[in-house]
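So the structure is just underneath, and the comments pick up after that.
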Amino acid sequence: MAKSDPRRITRTMPATQLVALLLAFVLAAGVGGVLAAGLVIPAVAGVNAAADSTVEVYDEVPAELEPRPMSQQSRIYAANGKLLATFYAQNRIVVPLDEISENMQHAVIAIEDERFYEHGGIDVQGMTRALANNVAGHATQGASTLTQQYVKNMLIDQALQDGDQFAVIKASEDSISRKLTEAKMAISLEKTMTKDEVLQGYLNAAQFGSRSIYGVEAASRYYFDKHASELSVVEAATVAGITKSPSRFDPTVNPEEAKERRDLVLQNMWKLGYISTEERDEAKEKTIKETLDVNPTEIGCAAAGNSAFFCDYVTKEIVTNPVFGETKAERQQLLYRGGLEIHTTLDPKKQKAASAAVKNAVPAGDSSGLQSAIASVEPGTGKILAMAQNIPYTPSEGKEGTTRVNYAADPTHGASGGFQVGSNFKPFVLAEWLKEGHTLSERVNANEVTRTVGNFQTKPCVGWLGPEPWTPGNAEGGGQGYISALEATFRSVNTAYASMGYELNLCKLRNTAWDMGFRPTRATGGEEGNRVVTDPTVEDIDVRAPMLLGTQESTPLYQAAAYATLATGGTYCSPVAITAVTGPGGKEYDVPDAKCNKNALPENVANTVVYAMEKVFTEGTARTLGGLADGRPVAGKTGTSNASAQTWFTGFTPNLSTSVWVGNADRPNEDHTNGGVVNGKPYRVLYGSTVAAPAWKEYMDQAISGLEVKDFGSPDPDMIGVGAIRPSTPDNGGGDSSDEGDDGGNGGGDNGGGDNGGDQGNDRGGNGNGNGNGRADAEAAWDAVQNGDWESLGDAWGDN
């Protein structure tokens, strides 16, 4: 035997006794001659049927309703106020009565409750008529007032917000107990609310269509693409006629029945004196079709078009961040029912350029099978200005050619595990190189050397790495002699960076990379082995020899934010997408903070690293780009993982940092060193300079338009150094130049070795004489350093 619901104490009685009870209730409710009622009595065939009929009623009927904010849509806006997307469980926009046209107010009173201003919550006259009709066995009639209907809608909405399905059923059922509850609450409500407040509540609460359209503002926007304050007589009558049966009288579903209902509303408005005979007749002549201007309100980020992945990032921030609620369920409720106004950092102009750039680089469905993604942030604030990818967005997997995975974002905000960053990691190594007292001019061994991973400095953060050998190589093979750290950087030479890393403490490198903003999305440490990192900490950065060449995964957004640290002279700001969130009544919510650290990197270190990275555009792996179109200062770095599986370009100006990734998310180890075709263009080997860099330039040339031209901070002369400035002296006395060289493989395995492809810059050994031409004049270089003349220093340095 099922347990009885502890929330209910019920009894039954014959319907004739119930009628007497309700009449007594009505009399008891009379105040100053104003009675309130509105009850539906079940239809019966006669007295005998009524006597045999039984109904269930509460022994204790609640008397009061505590109105609370209704469920309404939330909206996400770009930085310029443009609406990006709407979210709702019920498509409702709550507005005050003075933003609802008098035509709409009159129309709903005329058809739903013509004695609204005369009764005290329930309508005795209407109830008596319905009572007589129902007991006589005619069709069931109701006489619910607007106040009672408002009570019903509020009870249903509150039950839905609470997730109480039992309460939803009770508030919706056609029963005497529900009517009694509504009547008692309606009387009580009108003692605390004015008529205008009740009318306002009803107009915002009622359902006005079959497509989850609630409230007259949402209905006005949907059916007529205008605000409720602008509704004409015929439009108001159309909307008012819907609520009796939202599916049956929806003008987009059943226009003929909707017109009959609308004309009835117009007739009642005329009868009550709200409109003239001429207005009535003119309105009735119009067809439903000629009055409609349907403007569907799409739900979710799919409506955001090329901003869909950024929109999705914002929703993930809302539902995962504790500032918006204690539990995920509460935060989801807030997003879909809380009526939030969410203002974001997105720059529509830059977003449009970003979307075009990655799609022009790798069209969706390209025969190469590659994907591309881009993220752009503002240095010094962490504001995400653009975020896009070439594969179209879908809210759920299953539709071919689309994805819900945001390749630009981290696992928490985009479900992406990230991608090996390759030589995009080298600026972190160079920063540590300078912090530990080395200089850009210091010469390092660029020959292919085998080292034992256990001999790298890893104290105190990890123990001995083991006896395995590690022999990183360069993309085109061969020894490189001794070259400067500067040349190793702009030509992205793996073997040289391995030599540099051998002189560094990898634990300190880990800390420097973290402070600068490197955030891993996968880690190999701990008992779990290779794992996705959803809330990264510094300990999640793998400390092992191949880390020097970027074997750990990250995302374009993380890389853009980290490089922005260099753009600002050492200030790191975590990426942020939301600037303000408000709720109904102007309630303000705390929003995630960028948590800027002005001491992430010493300014002289940051500026000197930037100095080296500027040469990537003039002498290095991105030389063919030629910098930005307007010639402003710019710095950057290519990146390519082992076997060219993942390729990158991340670059920045003092006021904009952007990262582009091109690779295969589904086959992360796919070999792209044997040539192929991307977007109809053949390539010999896929490098960061092949597709990612040109896409970066296409975007940046548009994105920086109108931005102030700024210079980077001056590098530290002591960190540049001049004592050993010489051109590279490869073992073969020179070499063939190559305009396509970039970073190749980075050395694989947890700490393992093997011969792995490496980076090699453009024009490697291009002078061909190995020693003479391009030798910098040490005296001229020193004078340039002393005078702070960095352009002359570059000239003195020649091609190094």
Side-chain angles (χ1 to χ4, degrees), residues 38 95 97 99-119 123 125-126 129-130 139 141-150 152-153 195-196 198-211 213-294:
V95 292
L97 193 63
E99 292 183 19
I100 301 173
S101 74
E102 285 192 353
N103 292 324
M104 188 66 237
Q105 298 177 41
H106 294 159
V108 78
I109 290 172
I111 193 64
E112 292 296 329
D113 188 0
E114 63 185 51
R115 284 177 292 278
F116 174 66
Y117 287 107
E118 300 170 15
H119 62 65
D123 182 5
Q125 184 177 336
R129 183 188 67 248
Q141 288 188 4
S144 293
T145 63
L146 288 180
T147 314
Q148 287 175 264
Q149 293 180 54
Y150 174 50
K152 176 183 176 180
N153 288 326
K195 286 290 186 180
D196 281 353
V198 172
L199 181 59
Q200 173 181 293
Y202 172 82
L203 288 168
N204 281 301
Q207 184 175 357
F208 289 101
S210 58
R211 293 174 176 82
I213 301 170
Y214 292 82
V216 295
E217 179 67 18
S220 301
R221 296 189 187 189
Y222 178 78
Y223 294 116
F224 307 109
D225 195 19
K226 61 175 60 176
H227 294 289
S229 60
E230 304 169 318
L231 289 176
S232 67
V233 169
V234 69
E235 292 164 346
T238 301
V239 173
I242 299 172
T243 190
K244 179 178 177 63
S245 180
S247 297
R248 178 182 173 188
F249 296 123
D250 186 324
T252 64
V253 177
N254 297 308
E256 292 184 2
E257 291 197 62
K259 184 179 185 303
E260 290 181 11
R261 181 70 175 169
R262 179 203 71 184
D263 291 349
L264 177 60
V265 177
L266 290 168
Q267 186 67 19
N268 282 12
M269 292 176 73
W270 171 80
K271 182 180 70 175
L272 295 176
Y274 289 136
I275 59 175
S276 67
T277 302
E278 183 181 357
E279 287 177 310
R280 179 200 65 185
D281 294 344
E282 182 181 343
K284 283 187 175 182
E285 287 179 3
K286 295 183 178 180
T287 66
I288 289 291
K289 183 178 181 180
E290 68 181 296
T291 63
L292 294 180
D293 183 9
V294 179

Inset, instruction - Specify the closest pair of heavy atoms between Ala218 and Ile213, including all atoms of both residues, with the distance to one decimal. - result: C-CG2, 3.9 Å
Inset, instruction - List in chain and number order the residues that pass salt bridge (charged side-chain N to carboxylate O under 4.0 Å, His left out) with Arg280, two or more places apart in sequence or in another chain; answer none if no residue qualifies. - result: none
Inset, instruction - Could you tell me whether Lys259 and Glu290 have a side-chain N and a carboxylate O separated by less than 4.0 Å? - result: no
Inset, instruction - Taking the side chain as every heavy atom from C-beta outward, state whether His119 and Asp113 have any pair of such atoms under 4.5 Å apart. - result: yes
Legend entry - Lys NZ or Arg CZ of Lys244 over Phe249 ring: under 6.0 Å, within 45°: no
Legend entry - Nearest-0.5 Å distance, CD of residue Glu257 to CD1 of residue Ile242: 13.0 Å
Inset, instruction - Would you list the pairs meeting salt bridge (Lys or Arg N to Asp or Glu O under 4.0 Å) in which at least one residue belongs to residues 218-241, sequence neighbours left out? - result: Glu217-Arg221, Lys226-Glu235
Legend entry - Side-chain heavy atoms of Tyr117 within contact of Ile109, under 4.5 Å: yes
Legend entry - Close side-chain approach of Val108 to Phe116, heavy-atom, < 4.5 Å: no
Legend entry - Between NE2 on residue His106 and CG on residue Asn268, distance to nearest 0.5 Å: 14.0 Å
Inset, instruction - State, to 0.1 Å, how close Ile100 and Gln105 come at their nearest heavy-atom pair, and which atoms those are. - result: O-NE2, 3.0 Å
Legend entry - Audit row: Arg211, Thr252, side-chain hydrogen bond (donor to acceptor under 3.5 Å, both in side chains) steps and yes/no: CA-CA 10 Å; Arg211 293 174 176 82; Thr252 64; 2.8 Å; yes
Inset, instruction - Please list, chain by chain and in numerical order, all residues satisfying ring pair (Phe, Tyr, Trp, His ring centres under 6.0 Å) with Phe224, sequence neighbours excluded. - result: none
Inset, instruction - Give the minimum heavy-atom separation between Thr243 and Glu112, together with the two atoms involved. - result: CG2-OE2, 3.5 Å
Legend entry - Smallest separation among heavy atoms of Ala205 and Asn153, with atom names: CB-CB, 3.8 Å
Legend entry - pair Glu114-Lys271: side-chain heavy atoms closer than 4.5 Å: yes
Legend entry - Gln148 side, atom CD; Tyr202 side, atom OH - distance, nearest 0.5 Å: 12.0 Å
Legend entry - Closest non-hydrogen atom pair between Phe208 and Tyr223, with its separation: O-OH, 2.8 Å
Legend entry - Considering all heavy atoms, the nearest Ser101-Leu231 contact: OG-O, 3.4 Å
Legend entry - Gap separating the OG1 atom of Thr238 from the CG atom of Asp250, nearest 0.5 angstrom: 11.0 Å
Inset, instruction - Output the distance between atom CG (Asn103) and atom CE (Met269), rounded to the nearest 0.5 Å. - result: 5.5 Å
Legend entry - Inter-residue atom distance Glu279.CD - Ser232.OG, 0.5 Å rounding: 10.0 Å
